[in-house]
Amino acid sequence: MRTVDGISRLLSKMFIQEDDLKLNSWQFSQRKYLDWPTKLRLSKTRIQEWYDNWGGQVYLSYSGGLDSRVLLHLVRETVGADVPAVFSNTGLEYPEIVKFARQASGEYQEIEPRDKNGKRISFRDVILTEGYPIVSKETAMKVRKLRHGNLSARYRNYLLNGDERGKFGMLPKKWQFLVTAPFDTSEKCCDVMKKNPFKKYVKETGRVPLIGVTQDEGFKREHQYAKTGCNVYDGSTIKSQPLGFWTKQDVLRYVVENDLDICSVYGDIKQTPSGEYYLTGEQRTGCMFCAFGAHMEPEPNRFQRMATAYPCQYQFCMKPVSEGGLGMAEVLDYVGIPWTTWESLGQMSLIDYLGVMP
């Protein structure tokens, strides 16, 4: 009978040798629960394979966030400092993230979203031409299609009601009011502000990306990884995602065990009595003004925290479009997402009030 260690070594050998063009569902499930040394070895093997296959013509899509920070360290340890860490400065990042990203070890490059004439594209430009990022990318895409798409009657009915195949792809009833909202909703912001600058970089340099996506990023990304594995060598999207089977706990563990510096907005990494890692600050550091997922956050949500931590950005975010702002106050009110706080209204919070009572 094989020992547990023997089975682990067998799985490790099998996972590292398979070509990753497509995974079976059981393989993806196994990867999520591999022992820690095997996970590390598999990720480093995928990085090395990617680097060797493309003759070193690769780059790291670097955001300054936790996942890409871990991947940067793995890349530097595995293949060295010559792989460019490329940061897309969209103007939507936390100020601390921009500063932190620019301290990346090894080769570092910065790109920006620009139009075909070379003019800098702002988030305000995008929401005025494409629409606001609200609820989720999937929901925003369906709302955009229903409002502006040249859809067949059958497809429109499917998006609104489902069909004989079921209701998996329909726009949930609770969000269908966005189709007639006084503002546009769209998922296009990510394409304009992040994907397009990287596409231009790839076209100009011929390099292919390493991306710090983990399986905790959501159902869609987990499903995509399960279909392709770590390294995708052909098709419409050529990429390596060597952390694709990692969990958030894996990422935090790696940071702690390797004593990595992380951006200050995350706060500190601590452990619960049961040993689970957690962050004391921001849990995610995507685009500051993005409302994807904000409806699921407990108060104080990202916008309410912005009011006290980043008052200038908050004022610009909430100011009406007619006055040069982003007009998010109107949008958040319409969707039912709270955005004001006692402090932002110039009033004491209950806790502060109790603290000064005689």
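Index from 1, following the sequence. Quick caveat, the model's predicted, so the values are computed rather than measured.
With sequence neighbours left out, Thr272 forms a side chain to side chain donor-acceptor pair (under 3.5 Å) with Ser274. Under the rule for a salt bridge (charged side-chain N to carboxylate O under 4.0 Å, His left out), Arg124 has no partner lying at least two apart in sequence or in another chain. By the side-chain contact (heavy atoms from CB on, under 4.5 Å) test, Thr237 is found to be paired with Lys239, residues two or more places apart in sequence or in another chain being considered. Under the side chain to side chain donor-acceptor pair (under 3.5 Å) criterion, Glu276 pairs with no residue, sequence neighbours left out. In this structure, the side-chain contact (heavy atoms from CB on, under 4.5 Å) partners of Tyr155, at least two apart in sequence or on a different chain, are Lys145, Leu151, Ser152, Tyr158, Leu159. By the side chain to side chain donor-acceptor pair (under 3.5 Å) test, Ser264 is found to be paired with no residue, residues two or more places apart in sequence or in another chain being considered. Evaluation of the side-chain contact (heavy atoms from CB on, under 4.5 Å) rule for Pro182 yields Glu330, Tyr334 as partners, not counting sequence neighbours. Under the rule for a salt bridge (charged side-chain N to carboxylate O under 4.0 Å, His left out), the partners of Glu112 that lie at least two apart in sequence or sit in another chain are Arg114, Arg120. Shown here are the side chain to side chain donor-acceptor pair (under 3.5 Å) partners of Tyr277, two or more places apart in sequence or in another chain: there are none.
Residue Tyr278 shares its hydrophobic cluster (ILVMFWY side chains chained together at separations under 4.5 Å) with no other residue. By the 4.5 Å side-chain criterion applied to Ile, Leu, Val, Met, Phe, Trp and Tyr, Tyr59 is assigned to a cluster that also includes Val86, Ile111, Phe198, Tyr201, Val202.
Legend: ring pair (Phe, Tyr, Trp, His ring centres under 6.0 Å) pairs involving residues 93-135, not counting sequence neighbours, sorted by first then second residue: Tyr94-Tyr310, Tyr132-Phe183.
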